[in-house]
Chemist: 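Take this structure, written in structure tokens, and hold onto it; I'll ask about it next.
In each ligand, atom 1 is the first atom listed, and ligand 1 is the first ligand listed. From a predicted model like this one, the values you see are computed outputs, not experimental measurements. Residues: numbered from 1 along the sequence shown.
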Amino acid sequence: MTMNAPESENASVKSMEQIVSLAKRRGFVFPASEIYGGINGFWDFGPLGVQLKNNLRDAWWHDMVVAPPIGPDGTPLSIVGLDSAIIQNPKVWVSSGHVGGFNDPMQTCRQCKKLFRADHILDMLSKADWVASFCETLGIDSIDATATLSGEDLSRWAKNRKGGKKLASGMALVRKTEETVSWLTAADTPDTMTGLDLARLLSTENRGEEIQNPCPNCAGDLTPPRDFNLMFESFAGAVKDDANKVYLRPETAQGIFLNYKNVVDTSRVKMPFGIAQVGKAFRNEVTPRNFIFRSREFEQMEMEWFCPPAEAPQWFDFWKETRRNWWISLGVDPENLILRDHDLDELSHYAKEGSGTADVEYRYPFTHPHYGELEGIAHRTDFDLKAHQASANVNLSYLNHETRDRYIPHVIEPASGLTRGVLALLCEAFTPDESRPSKVFMKFSPRMAPIKAAIFPLVNKEGMPEVAQKLYMKLRQKHAVQFDVKQNIGKRYARMDEAGTPYCFTIDGETLQDQTVTVRDRDTLSQDRINIDQVESFLAEKITANTPD
Ligand code: GAP
């Protein structure tokens, strides 16, 4: 683990702070309940944000359900849609393994009482204030580098303060400096050890216990990891007892398995086929963080692809490639996307050893130069259908009418985050440009852009507003477009740059003479003239460009 370089040292990394600030300022994303101080892990989407989110959702639905991808044999795949309830019979979550297995290991700090996900602690430590000053004292540049120990240095560091407060106030060394340093001197510890091992030792009050990582917040002692179930609970009915306990779904996928038989019985689908669903999911994440990357309420776009077990490995490969390419078709730079196969110890409770899970990962500014999950593609085998078949006592096998074969299909699941996809699109689009009045523009692909075009009269007189209004009335029938007459034209362009509007059509003096308008291209800043009658087809062509066949 190495310390992150400050952003000024790596100009190619976009600033998350600036992205969040633009998202707020221009109405993409607001903190939920902001006027009450917010609520951790919940976000609201503003006028531009909801439009962007809907565009991403609609593109997914179109490319999955309305016009599914072309399969390896050259014919279109068969995928149908579904919208199932968020709250289902609680037995569903017992059978699916979520009641028993959907847990995160959690640790609490005995000093500051903060809760942490055990698997996030190392990453948080690498960014903690107290760790930076600790490393500086030890003369090392990362917490896992080896340091030579000096009781003197440590006791000097323990007295450090920041803003009047003791740094690492929970650490045993800071609370009982003399005692801890003399213990360290007397104890049978090596003369050199890594900064992290030393910090672990120095934070531990009771040295008889197994040594844990120190608290990223105050360097205090953490309790051993305990499982924490991520499902939100509620009650259905008037009585709040265990019999009425229900769960908010932690994934949209189970609604699909529950309706698998309904779909087979009522539609004409034949194996292999898919069922797709978009909707809210809820997880009581221990540490929601990184803006909308990990929140407690979010949306998923999931498709369960049912296939004969023997075909599952080929379909797994097919979906991995298809899904990565889909994100590229939305304007995400291929350099910022990787496909990563999960290690065995990362597999979810439903993905059996050897069955495989891969992630499409995006290079977010906060993971840079590494990548973080955007979408998971899992071979869920027959785990879910078998589990529901056994618990609900229904036959969920599939009968191939031609061969008379009966089997429980395997499932390949491309499971994508809609909310997280919006974050990737925001990060990807954010383009600083000092030469523009706005200093930044949002480079959304025309298909994703919340506003497809703006229509401006150059000045609010001389017949220009009337012509612009007429064009606006025509375009708005088909596209999200804006008409704006306020402020000078430069300010109007700047506003549209921050909103990520790819084209601005301006009606000027020449329009009245020769029926042409200027098209300002957001990315190149070129201004070309086209006939006013061609505007509609020009825009339609740009919006549908790059849509997968
Ligand atoms: N049905 C499988 C499933 O739910 P997952 O990897 O846990 O798999 C799928 O979730 C996708 O949902 C993730 O790749 C991510 O994009 C999104 N997601 C998961 N947890 C999230 C959270 N707390 N906040 C935002 N998005 C989340």
Chemist: Any salt bridge linking Arg380 with Glu251? Criterion: basic side-chain nitrogen under 4.0 Å from a carboxylate oxygen.
Modeler: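 So Arg380 pairs with Glu251 through a salt bridge.
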Chemist: Glu299 pairs by side-chain hydrogen bond (donor to acceptor under 3.5 Å, both in side chains) with which of Arg57, Lys53, Arg420, Lys280?
Modeler: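 For Glu299, the side-chain hydrogen bond (donor to acceptor under 3.5 Å, both in side chains) test succeeds with only one of Arg57, Lys53, Arg420, Lys280, which is Lys53.
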Chemist: Leu374 versus ligand 1: do any nitrogen or oxygen atoms come within less than 3.5 Å of each other?
Modeler: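 Indeed, backbone or side chain, Leu374 has an N or O that close.
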Chemist: Of all the atoms in ligand 1, which lie at a distance below 4.0 Å from a heavy atom belonging to Gly376?
Modeler: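 So the atoms of ligand 1 that pass are 14 (O).
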Chemist: With heavy atoms of Glu285 as the reference, note each atom of ligand 1 found under 4.0 Å away.
Modeler: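 Going through ligand 1 atom by atom, the ones under 4.0 Å from Glu285 are 22 (C), 23 (N).
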Chemist: Strictly by modelled atom types, are Gln277 and Ser84 linked by a side-chain donor-acceptor pair under 3.5 Å?
Modeler: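 Note: Gln277 and Ser84 side chains meet the donor-acceptor criterion.
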Chemist: With rounding to the nearest 0.5 angstrom, report the OG to CZ distance, Ser95 to Phe383.
Modeler: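 Interatomic distance, Ser95 OG to Phe383 CZ, rounded to 0.5 Å: 9.5 Å.
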Chemist: Counting each atom of ligand 1 from 1 as listed, which ones have a heavy atom of Glu375 under 4.0 Å away?
Modeler: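 Counting from 1, the qualifying ligand atoms are 14 (O).
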Chemist: If the cut-off is 4.0 Å to any non-hydrogen atom of Ala415, which atoms of ligand 1 fall inside it?
Modeler: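 Matching atoms, with element in brackets: 2 (C), 9 (C), 11 (C), 14 (O).
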Chemist: May I ask which of Tyr362, Phe298, Phe282 has a heavy atom nearer to atom 27 (C) of ligand 1 than the others do?
Modeler: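 Selected option, by shortest heavy-atom distance: Phe298.
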Chemist: Considering all heavy atoms of both residues, which atom of Lys14 and which atom of Cys427 are nearest to each other, and what is their separation?
Modeler: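 Scanning both residues, the minimum pair turns out to be NZ-O, 2.9 Å.
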Chemist: For side-chain hydrogen bond (donor to acceptor under 3.5 Å, both in side chains), just list the numbers for Thr252 and Glu302, CA-CA rounded to whole Å, side-chain angles, deciding distance to a tenth of an Å, and then say yes or no.
Modeler: CA-CA 7 Å; Thr252 55; Glu302 299 199 290; 2.6 Å; yes
Chemist: Going by the angle between their ring planes, with limits at 30° and 60°, are Phe232 and Phe282 parallel, tilted or perpendicular?
Modeler: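 Perpendicular.
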Chemist: Got an N/O contact under 3.5 Å between Glu251 and ligand 1?
Modeler: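 Yes, Glu251 has an N/O under 3.5 Å of an N/O on ligand 1.
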Chemist: Heavy-atom contact check, 4.0 Å cutoff: does Arg380 meet ligand 1?
Modeler: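 Heavy atoms of Arg380 do come under 4.0 Å of ligand 1.
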Chemist: Taking only heavy atoms of Glu302, which atoms of ligand 1 are found under 4.0 Å from at least one of them?
Modeler: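 Going through ligand 1 atom by atom, the ones under 4.0 Å from Glu302 are 1 (N), 2 (C), 3 (C), 4 (O).
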Chemist: Can you find an N or O of Ser416 that's nearer than 3.5 Å to an N or O of ligand 1?
Modeler: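 Ser416 vs ligand 1: no N/O contact under 3.5 Å.
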Chemist: Among side-chain atoms of Glu428 and Tyr362, is any donor-acceptor pair under 3.5 angstrom?
Modeler: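 Yes, side-chain donor-acceptor contact under 3.5 Å.
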Chemist: Would Thr287 and Arg117 count as having a side-chain donor-acceptor pair, cut-off 3.5 Å?
Modeler: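 There is no such pair between these side chains.
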Chemist: Do Glu373 and ligand 1 have an N or O pair less than 3.5 Å apart?
Modeler: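 Yes.
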Chemist: For ligand 1, find out whether one of its N or O atoms is nearer than 3.5 Å to an N or O atom of Ala253.
Modeler: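 No.
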Chemist: Which ligand 1 atoms does Glu413 reach within 4.0 Å, using its non-hydrogen atoms?
Modeler: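 Per the distance check, 1 (N), 2 (C).
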